[in-house]
Every structure is written in C-alpha cells, then in structure tokens.
Number of protein chains: 4
Amino acid sequence: MTATKKKTLRERRHAATTEAMLEAAEHVMVAQGYDQATMQQIAEEAGCAAGTFYLYFKNKQELFEALLVRYLEALYDGCEARMAAVEDPIEKIRQSMVAALEYCHDHTGFVQVAYKAMPVRHRALYERLAEIGWTRPQQFRRRVEGYLRQGQKQGRVRSDVPADILHDFIDAVIFSFMEMFSAAPGRRGAREQLDLLWGLISGGLLGKEVL
Amino acid sequence: MTATKKKTLRERRHAATTEAMLEAAEHVMVAQGYDQATMQQIAEEAGCAAGTFYLYFKNKQELFEALLVRYLEALYDGCEARMAAVEDPIEKIRQSMVAALEYCHDHTGFVQVAYKAMPVRHRALYERLAEIGWTRPQQFRRRVEGYLRQGQKQGRVRSDVPADILHDFIDAVIFSFMEMFSAAPGRRGAREQLDLLWGLISGGLLGKEVL
Amino acid sequence: MTATKKKTLRERRHAATTEAMLEAAEHVMVAQGYDQATMQQIAEEAGCAAGTFYLYFKNKQELFEALLVRYLEALYDGCEARMAAVEDPIEKIRQSMVAALEYCHDHTGFVQVAYKAMPVRHRALYERLAEIGWTRPQQFRRRVEGYLRQGQKQGRVRSDVPADILHDFIDAVIFSFMEMFSAAPGRRGAREQLDLLWGLISGGLLGKEVL
Amino acid sequence: MTATKKKTLRERRHAATTEAMLEAAEHVMVAQGYDQATMQQIAEEAGCAAGTFYLYFKNKQELFEALLVRYLEALYDGCEARMAAVEDPIEKIRQSMVAALEYCHDHTGFVQVAYKAMPVRHRALYERLAEIGWTRPQQFRRRVEGYLRQGQKQGRVRSDVPADILHDFIDAVIFSFMEMFSAAPGRRGAREQLDLLWGLISGGLLGKEVL
DNA sequence: AATGAATGAGAGTTCATTCAT
DNA sequence: GATGAATGAACTCTCATTCAT
C-alpha cells in the first residue's frame, strides 16, 4: 500500500512535470516555431534548467513529438466518442467534425502548434510518427473513408470521386479553417463555424451539379 | 547611350545571377526546408561563394522572400491572364484555378518551396510580405471575392456564406490539393485534377442542399 | 560494547559498499575509460543512486584513485610476500615479477584499469598519489633498486648502467607486457610468460656483450 | 602561371594555418590531455576563433589524429632513412633506434602528445588509424620483424623467443624510455641514452644466459 | 564584383555534483 | 544513510554574416 502510494506519488510528480514541460514547449514553439524555439527559452518558460528536460525527453525532436501526440490523442478520443453516439455514417463524419472544431476552440494552442511549430510539413510528420509506432491517424482515416464509402453506396455521397480523395477534401477544408479559427478566435461562434464548414463540405460531397 | 547600354548589360548580368541564386536556393530549400538549408550549401549549388549572396540579398530571410515572390508573381500573372480571357465571374474563378493548377504542374518546385521551406506559416508570411510592400495577394484576393459576390447576386453561388469565407474555402482546397499533387506528381493528369477539384469546390459554393 | 559492535557492523557495511562501488567503477572505467565513464553509469552498475557515491568518495577523481590504490596495495603485498620468501637479491626481483604476473593474471581488470582508464599518464598519477600521501610505490622502488645494487656488487648485474635505470628498464618491460597479456589473456600460460620476460630482462640486466 | 602561383599561395597559407593549429593543439593537449583540452583553449592558443578549427579539421578527434600522424610520419621517415644507410639487419634496428631517439630529443612534444594526450590507449589508436587507412606502423613493424628473423637465422639473436615478441620487447623499452627522456630532457645526452638502451635491449635480444 | 576564410554567438546536449526528501 | 531529480556550467560543433583581399 505504502509502496504503491509512494510510486503513485512519484508518478504523479513525474506526470505533472512532464505536463508543465509540454506546456512550456507549446508556448514557446507556438510563439517562435520549432527551429527558432531554443531549449533555454523553453526551460525558462517552464521554470527549470535546460538540462532537466533531458530527464523527461530524449531530445528536442521527441519533446515536440510528445507535445503533438498528446494533443492528437485527445482530439481523436473526442472524435471517436462523438462518432460512437450516432449510427448514420454521414452523421458520424459530421459529428467527428463537431468534435474537432470543439477541441480546436478549447485548445487553441494545439492548432497553433500543429501549424506554426512543425519542424516538417505535416505529411512528413505523420510518417515520422508512424515510424515510432503511433499509427492512430492512419487508422482513423481508414475508418472515415469506410463511412464515406457507405455514403456512396447509399447514393448520398457523390461516387464520381474516390473516397480517399473525398477524405483529403474534408481534411483540407477542416485543417485550413481550424488554422483560421485558431488565429482569430472568437470571431465566430463554434456553432456558426460548424454550419459554415459543413455547408461547404457537404456541398462538395454531394456535388450534384456543376456551376 | 553607351552608358545606358553598359548599365543594361550589368543589369542583365545582375538579373541572371539573381536568377541562378534563386534557383539554387529553391533546390536546397525544397530538399532541406528553410532552417536546415545553409547558405554554404546554397552557394555551392549556385556555384559561387557564400559571401556573394549578400551582394544580392540582404540576408537569408530576404532570399527566401524573393524566391517566393518570384513564383507568386508568375502564378498571379498566369491567373490574371486567364481571367481576362473570359467574361463570366464564376468562369473567371474557374479559369484562375486552371491557371494555378497548370503552374503548379509546370513548377513543382514552387509548391514544395511554399509548403516545405516556409520559415513561418503562410499567413504570417503574407503579413511579412505586405510589410515590405508586396501586396499583390491581397489585391488578387479582393478581385476574386468581387467575382464571388457577383455570383451570389446572380443566384449562382450560395448566399448563406459570406464571400470572404467562400474565398477561404477555395484557397483551402486548392492549396491543400496542390501540395498533394506536387508531392505525388503524375498521379493524375492536370485535366482530371482540375475536374476533381472543381467538382468539390463548385459543390461547396453551390451548396444547395445539406446531406 | 554494543556500541563498538554496532560500529563494527556499520564499518563492515561501509566497507562492503565501498568494495561494490569500486568494482562497479572498475567495470565501467575499463570498458569506457575514465573520462567517458559517467557517474550515472557506474551507479547503475553498482545498483545504487549516483548521489550515494559522494558519501563514500569526495569526487570522481578520488574514486579512481581509491580504485587504483586498492589494486596496487594487493599487488605490492603479493610482491613483498614472495620477496620475503627468498634470500638472494636477484631472486627477490625475480619473485617479485612472478607475483606481479600472477596478480595480473588473476586480476585482468587491474591492468586494464591502469592502462585504459587512467585520467592522466601513470607518472603524473604516481605524483598525485604521492601528494595525497600514498608513497608505497616509491618505497617499493627504492627496495628493488637496493637489490639491484647488491647484484651489481656481486658482479651478477651489469654495472655500466645505474641501478635506477635498470629499474626503469624492468618496469618498462613488465608494464608493457602486462598490458599485452591482459589485452590477450590466455594466449600464453603464466609460466611461459614469466620465462619469456625473465629471459629478456635478465639478458638486459646481465648485458655481457653487445651484438 | 598566375593561377598556379595563386593556388600555391593559398595552399601555403592553408598549410601554415594547419601547422599553427596543430602546434596549438599539441601545446594544450600536452598540458591537459586530450579530454581536458577544450577547443576554446586550443583556439585561444592558436589565436583564432574556435569555429575556425572546423574549417581545417572535421572534429576534435581528427585534429588529434592529424597531430599524431604528422609526428609519426616524420619519425618513420627518419627511421627508414637511417635503416637504408646500413646493410646489416641488426644494425638496421639499431639505426632505427638512433633515429627514433634523435627525433624524440628534437621533438619533445611528440612523445608527450603520444603519452599524455592520447584519447585511447596506443594499441586502440593504431587500430583507429588503420581504419582510416594509415597503416604505416604495421608496415614498419613487419619490416623490423623481418630483420629480427634474419638475426635469428644468423644466430645473432636468441631464437627461443618469437620475433614478434622480441619486437614487443624493443617497443616496450624504447617507448617507456622515450617517455622518461622527454619528461626529463637533457638529463642525459642522446649518445649516452642510446648506449644505455642499446645495452639493455641487445642484452635481452642476445639472451645467452639467465642470471 | 566576387571571394571565402574567419568570426563568434549560440545551438543542443551531457554530466559531475548537490540537496531536499 | 540513501536517494535521484535537478542543476548549470561547460562541452563540441554549426552557420549566418562580415570584410580584407
């Protein structure tokens, strides 16, 4: 009991420090970008010595990756929770967007990290994360593509465009608008943003006619 | 007269050198990204000494900006030429997309520079370029928004979404797909790519129904 | 009484810990050399925390010196024991060599520490050890030189070379071959090694003729 | 002509700088040892910025290797020149010793570098130098072993000890005494030193009787 | 105009040592 | 007594920029 509690205490302490470090890293990297952010700056922000970071993260690159993974895990968790609550495949996609936008509203830092701090373009980063065994994005994507295909079979989604391209389309719009929203937060309510995006996206997915 | 001619020759020489330097910078920056590309590498690629660059560009940052501006100037030139050839506002937008995609096909380096080498996110960069007085993107954007508003007045474009958001939507889709196309060139023909994108975008712009 | 016993127990514990630490230090320093061996590595090898070392040794340098002294004490003990068992001065020297070689066979780590891990060359180290009051090498050396002088008086050792140089000669050969033997252990039996070395050394000491 | 001269001038300049840097490195490394010598110290000694060293040497390790190779090349050159001047195999060995001792007298720094500054033990270093393609020590050694075998065939060198061990013996004595001589220069004349060493070595090589 | 050697500030990272627990 | 997290100074090495030639 005591041992367990002790261990838990240590672990808690460790987790809290890790958390504080990730926050400091986020803050500085969002402000400066990955390359321009120095470990000294981040350490100062975190209120500890630069060397201390190397007890928690192997190097700067892994610090950044941990930062991103932490956010993405939460984001995907939210998306999947919302998706599970409905049955209809198209509605699942819509709900996933709702979750993403909500998360983006509550964690402005995330999008800014993802867009301003990335040491490499996001495609390359996903590959890197896959290399270290974190493949959730790929899995999630496959799932959404499945829903899109169901929508195509039901005739509710255009079939002249392959599902993977439709997914790219959704991603393109969401990511881009998330960046805009996070850069100018509060400009519009989350509800309104969602309707806007869904209008644009669903129009593209439906694609009945060409102007 | 002679003086003028001499000066012209010098200018030509200067322009040619500038051009070679920009090409070298593009090559290295596309391969390595902005921060990782060193001036010595770029100089070696250009076949001159590192110091020489500082006779043509104030510093690394300005070298990159010049590189980007050169591309964007050509891109906007192409877009505006095509836009001038048609009358219909929606068709103008479509033609501008055609031009952009074509340019992107012929100058793969451009998109790669814009996406892989940017020292900062593109929004920040536009602001920076505006600071140094290069405001063509803003002008171009205003023009396209004007066409969108015309389309709205004619009832051919959804009016439930403001024109500036529609523009953001177009930008989001185009920029994202341009990156994909340039990363996997030849996967699809330019024609086919265009139809794909236009299908998605026009669907979104039209936006008659919601799924 | 109880206090005394307690103290003795404590002392035993202290000695055992010291021993374990020296062994760990030896292991790591032999593998990596003095500078490359880190206190954290040594601590891990010893199964304790890095900080604990500083309760037993003032710093890394003293840890190394203790390590070396422990070995040298044992080595000199062995040599002197063997020397005491015979009368003849030359034979004393020979027996000392026997002891040294045996020790070297049984404690390969010693030579490797002495040769691979030394933070400074050995002469400098002896000076340093003398500084901290450990002068046994000097004493031992004086003794051996005494035996050499006796041999010279008896006409059994060349007199054209001063005894201190003869001692340097012996040292040179022994130290060098000890390094070789310890680097390639088992290449030759201890007996054979001894004969080899004694042949070379005694030839040099005798020095009747010049080729 | 001009071009050639220019190039030669540059090369000269480069060589002179390299030389100055090696000297500075030698000075500091002899005083502090390899690990303790910092690039800043060396640079200060050389009268330039630390970064400048990296234009001439890839890193600290290569700086040290260059330093050692420079010395050894000169040493071997001297040995081989002297060896070529005589016919008799044993005399060749003796002449090589003469050359080595002379070199050691004129370049005290060399022995001190070799003994005080080595980042690793000399055997390991020879392996490393062999790795980067510098195998002169091995070649030289093979040659000397050949002479020893000739001496054995002629009955002038003991045959009860293999030639490679005899070579180790010579090396052991020479290296050790070189260190002593260089640590206490001028204590004895070169001539006297030579006679001393040769007496000890030739005695060991001859090895007629055992004390 | 062009060079490229030299600079020097500053990067990421390591590690002997300390000290609150 | 033992811990091990934290320190922070010091390390090697990089590179945008300068300037004597």
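Lettering follows sequence order; numbering is per chain, from 1.
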Any [X] side-chain N or O less than 4.0 Å from OP1/OP2 of [N]:
X: Tyr56(D); N: dA6(E); value: yes
X: Tyr54(C); N: dT17(E); value: yes
X: Thr52(A); N: dA5(F); value: no
X: Thr38(C); N: dC15(E); value: no

Can you confirm whether [X] sits close enough to [Y] that some side-chain heavy atom of one is under 4.5 Å from a side-chain heavy atom of the other?
X: Lys60(A); Y: Phe53(A); value: no
X: Leu22(C); Y: Tyr71(C); value: no
X: Thr52(C); Y: Thr17(C); value: no
X: Phe57(B); Y: Thr18(B); value: yes

To the nearest angstrom, how far is [X] atom [atom1] from [N] atom [atom2]?
X: Gln36(B); N: dT14(F); atom1: CD; atom2: C1'; value: 11 Å
X: Phe53(D); N: dG8(E); atom1: CZ; atom2: P; value: 15 Å
X: Glu11(A); N: dA5(F); atom1: CD; atom2: C1'; value: 16 Å
X: Glu44(C); N: dA5(F); atom1: CD; atom2: P; value: 12 Å
X: Asp35(B); N: dG12(E); atom1: CG; atom2: P; value: 11 Å
X: Met39(C); N: dT17(E); atom1: CE; atom2: C1'; value: 9 Å
X: Leu63(C); N: dT17(E); atom1: CG; atom2: P; value: 10 Å
X: Phe57(D); N: dC13(F); atom1: CZ; atom2: C1'; value: 15 Å

Which nucleotide sits closest to the side chain of [X]: [options]?
X: Arg10(A); options: dC13(F), dA5(E), dG4(F); answer: dG4(F)
X: Leu55(A); options: dA5(F), dT3(E), dT12(F); answer: dA5(F)
X: Arg13(C); options: dT7(E), dA2(F), dT17(E); answer: dA2(F)

Within the 3.5 Å criterion, strictly below it, is a donor on Glu65(D) or Gln61(D) matched to an acceptor on the partner's side chain?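 Checked: Glu65(D)/Gln61(D) side chains pair up, N/O donor to acceptor below 3.5 Å.
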Of Ala37(B) and Lys60(D), whose closest DNA chain F nucleotide lies nearer the 5' terminus?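 Going by which nucleotide is closer to the 5' end, it is Lys60(D).
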Assign each of Ala49(C) and Ala50(A) to its nearest nucleotide of DNA chain F by heavy atoms, then name whichever residue's nucleotide is nearer the 5' end.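 Here Ala49(C) is the residue nearer the 5' end.
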Under a 3.5 Å cut-off for both contacts, is dT21(E) paired Watson-Crick or G-U wobble with anything, and if yes, with which nucleotide?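 Per the H-bond distance test, dA2(F).
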Can you tell me the base-pairing partner of dT7(E)? Count Watson-Crick or G-U wobble geometry only, both distances below 3.5 Å, and say none if there is no partner.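 Result: dA16(F).
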Of Gly51(B) and Gln40(D), whose nearest nucleotide on DNA chain E comes first from the 5' end?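 The 5'-side residue here is Gly51(B).
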